[in-house]
Amino acid sequence: MLTAFARAFKTPDLRKKLLFTLGVIVLYRLGSHIPVPGVSYKNVPVCVDQAGSSNGLFGLVNMFSGGALLQITIFALGIMPYITASIIFQLLTVVIPKLENLKKEGQAGTAKITQYTRYLTVALAILQGTGLVATARSGALFQGCTVASQIVPDRSIFTTVVMVITMTAGTCVVMWLGELITDRGIGNGMSILMFVSIAAGFIPALWRIKVQGKILDGWVEFGVVILVGLAMVALVVFVEQAQRRIPVQYAKRMIGRRAYGGTSTYIPLKVNQAGVIPVIFASSLLYIPALVVQFSGSTAGWATWIQKHFVKGDHPYYIAAYFLLIVFFAFFYVAISFNPEEVADNMKNYGGFIPGIRAGRPTAEYLSYVLNRITWPGSLYLGLIALVPTMALAGFGANQNFPFGGTSILIIVGVGLETVKQIESQLQQRHYEGFLH
């Protein structure tokens with residue numbers, strides 16, 4: 001692998017792409033530490049130390065921002081508004097015929113949808129930025145911190161507007177940096193930035209577990225976390241690479257004096273066809289009740305019940321609801337992202353068929369049957385992986401700080417594999433050995 005790295009940097013154009021990607025990553029991490037105007041930064045570190053590490057309500061957004069959310073920096077919102085906008089348009093493409101037609105128009109239609117996604121990203125950034133500023137001003141961002149209400153000492157409208165505009169501009173810059181990596185660097189830019197954000201929090205989280213540990217000064221807990229993390233990485237790599245290959249045969253056709261077709265290929269159906277999106281959907285949906293209770297300030301019976309069962313994240317009701325939502329969204333997303341009837345029609349139009357299965361409706365039914373069967377283990381796997389942060393090391397008191405689990409490990413492994421594959425393909429084009437050989 002080290003030899004492959006050396007050969008990648010010896011290739012001029014590949015070296016230029018790698019260095020460009022690294023340069024953008026450095027800029028992104030610098031922006032994650034530049035403060036937003038109007039925030040008292042002598043109080044921020046105090047609150048982060050007192051309550052930031054256990055803040056489950058904003059944990060997902062903070063993870064995607066690489067810790068910038070709780071630091072309230074210009075990149076506090078990170079890539080999350082763009083991810084949300086992309087998912088929304090992916091769902092709307094199935095529901096709205098106009099967007100579906102745009103998607104079928106090819107590159108021009110895709111560019112138009114990308115433009116709409118950018119507009120929605122800005123709108124979501126304004127909305128989330130306003131919510132973050134309001135939460136920081138009320139002191140609810142750091143529950144349990146003695147100086148939480150003094151994070152934003154200036155309560156004027158001008159300061160609030162400046163803070164929201166700054167964070168919205170930061171989100172636009174992050175979106176631009178991601179597109180730069182996609183165009184001129186290596187890999188998908190947004191995925192790379194997500195990878196960097198999550199990886200930035202790994203070392204502090206691991207060290208926090210060691211500091212909070214009780215057995216042999218925390219080294220036993222630290223060692224257990226490393227072993228569990230390695231086992232989970234191996235499991236995620238195994239399942240993410242697993243796929244069911246459905247063979248497809250194309251009939252030979254004579255056009256004039258030339259023969260076309262007659263080739264054999266396959267349809268790769270991944271065990272985890274939905275990726276990490278069901279986990280993000282379920283996490284976001286379960287944050288809504290806690291947010292409603294937090295901003296309403298109600299002490300009614302329903303608010304107390306939600307506060308007891310759905311805020312901390314380790315109650316059996318929360319765990320059961322989280323698991324069931326992940327399974328549901330896994331099937332839901334697979335249903336809207338893979339259309340067996342459309343695939344069967346395309347195969348029929350181009351003379352393709354599955355051996356032993358008639359073309360047309362029987363092919364669609366067969367694809368749907370296979371897809372449902374492999375989605376069950378994929379959805380159960382997603383649910384179990386996502387629950388590891390809640391359930392693992394509960395006896396050590398580190399359940400909320402476990403870094404190797406849920407969304408983080410899925411994104412880290414998935415993006416890492418895809419990026420390595422892209423570098424390897426470029427190396428193989430130049431007759432070099434890649435990373436995976």
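The analysis underlying the following values was restricted to heavy atoms, covering all of them including side chains, and did not include hydrogens, waters or symmetry mates.
- When all heavy atoms of A344 and A364 are compared, the closest pair comes out as CB-N, 3.8 Å.
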inquiry  = Please determine whether side-chain contact (heavy atoms from CB on, under 4.5 Å) holds for the pair I186 and L14, giving the CA-CA distance in whole Å, both sets of side-chain angles, and the decisive distance to 0.1 Å.
reply    = CA-CA 8 Å; I186 290 289; L14 191 55; 3.7 Å; yes
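- Inspection of the Y381 and E240 side chains reveals an N or O donor paired with an N or O acceptor under 3.5 Å.
- Counted within 6.0 Å of CD on E341, heavy atoms from surrounding residues, nucleotides or ligands total 12 or fewer; the atom is thus considered open.
- No more than 12 heavy atoms of other residues, nucleotides or ligands sit less than 6.0 Å from atom CZ of R373.
- Looking at S156 and T159, their side chains do bring a donor and an acceptor atom within 3.5 Å of each other.
- In this structure the side chain of L132 never reaches within 4.5 angstrom of the side chain of V164, judged on heavy atoms.
- At a threshold of 4.5 Å between non-hydrogen side-chain atoms, the residues T121 and M175 count as touching.
- Aromatic ring pairs are classed by plane angle as parallel below 30°, tilted from 30° to 60° and perpendicular above 60°; the pair W376 and F331 is perpendicular.
- What you find for G187 and Q422 is that their closest heavy atoms are N-OE1, 3.2 Å.
- Taking all atoms of both residues into account, the shortest heavy-atom contact from A282 to L325 is CB-CB, 3.8 Å.
- A heavy-atom distance below 4.5 Å is found between the side chains of M232 and I385.
- More than 12 heavy-atom neighbours from other residues, nucleotides or ligands sit within 6.0 angstrom of CD on Q115.
- A donor-acceptor pair shorter than 3.5 Å cannot be found between the side chains of E365 and Y369.
- Contact detail for T73 and G31: the closest heavy-atom pair is OG1-O, 3.9 Å.
- Taking the side chain as every heavy atom from C-beta outward, Q241 and L417 approach each other to under 4.5 Å.
- Ring-plane geometry between F329 and F281 is classed as perpendicular, the angle between the planes exceeding 60 degrees on a 0 to 90 degree scale with a lower cut at 30.
- Judged by distance alone, with hydrogens and angles left aside, the side-chain atoms of S32 form a donor-acceptor pair with the main-chain N or O of Y28 at under 3.5 Å.
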inquiry  = One pair to check against side-chain contact (heavy atoms from CB on, under 4.5 Å): V162 and F158. What are the steps and the verdict?
reply    = CA-CA 6 Å; V162 169; F158 176 77; 3.8 Å; yes
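- In this structure, CG in L92 is found 13.0 Å from NZ in K98, a value given to the nearest 0.5 Å.
- In this structure, OG in S368 is found 9.5 Å from CZ in F338, a value given to the nearest 0.5 Å.
- Residue N188 holds its CG atom at 4.5 Å from OG1 of T182, rounded to the nearest 0.5 Å.
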task = List the steps and the verdict of side-chain hydrogen bond (donor to acceptor under 3.5 Å, both in side chains) for Y333 and Q273.
result = CA-CA 9 Å; Y333 187 76; Q273 190 83 0; over 6 Å; no
request  = Evaluate the criterion side-chain contact (heavy atoms from CB on, under 4.5 Å) for residue pair M167 and V36; output intermediate values, then yes/no.
outcome  = CA-CA 8 Å; M167 286 188 284; V36 170; 3.9 Å; yes
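- Atom CG in L77 sits 6.5 Å away from atom OG1 in T168 (nearest 0.5 Å).
- Using a 4.5 Å heavy-atom cutoff, the side chains of I113 and T117 are in contact.
- Rounding to the nearest 0.5 Å places OG1 of T21 at 7.0 Å from CD1 of I192.
- In this structure, the side chains of L102 and Y116 come closer than 4.5 Å at one or more pairs of heavy atoms.
- Residues L269 and Q243 form no side-chain contact, since every pair of their non-hydrogen atoms from C-beta on lies 4.5 Å or further apart.
- Ionic pairing of R184 and E179 is not present here: no N-O contact between side-chain nitrogen and carboxylate oxygen is shorter than 4.0 angstrom.
- The side-chain heavy atoms of L177 and V173, taken from C-beta on, include a pair separated by under 4.5 Å.
- Closest non-hydrogen pair, M163 versus P37, comes out as CG-O, 3.0 Å.
- Scanning all heavy atoms of the two residues, the minimum distance from L384 to F323 falls at N-CE1, 3.9 Å.
- The CG atom of L382 sits 10.5 Å away from atom CG of L387, with the distance rounded to the nearest 0.5 Å.
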message = Using the rule given for side-chain contact (heavy atoms from CB on, under 4.5 Å), can you reason through S379 versus I326, listing the C-alpha separation, both sets of side-chain angles and the distance that settles it, and then say yes or no?
response = CA-CA 7 Å; S379 61; I326 289 174; 5.9 Å; no
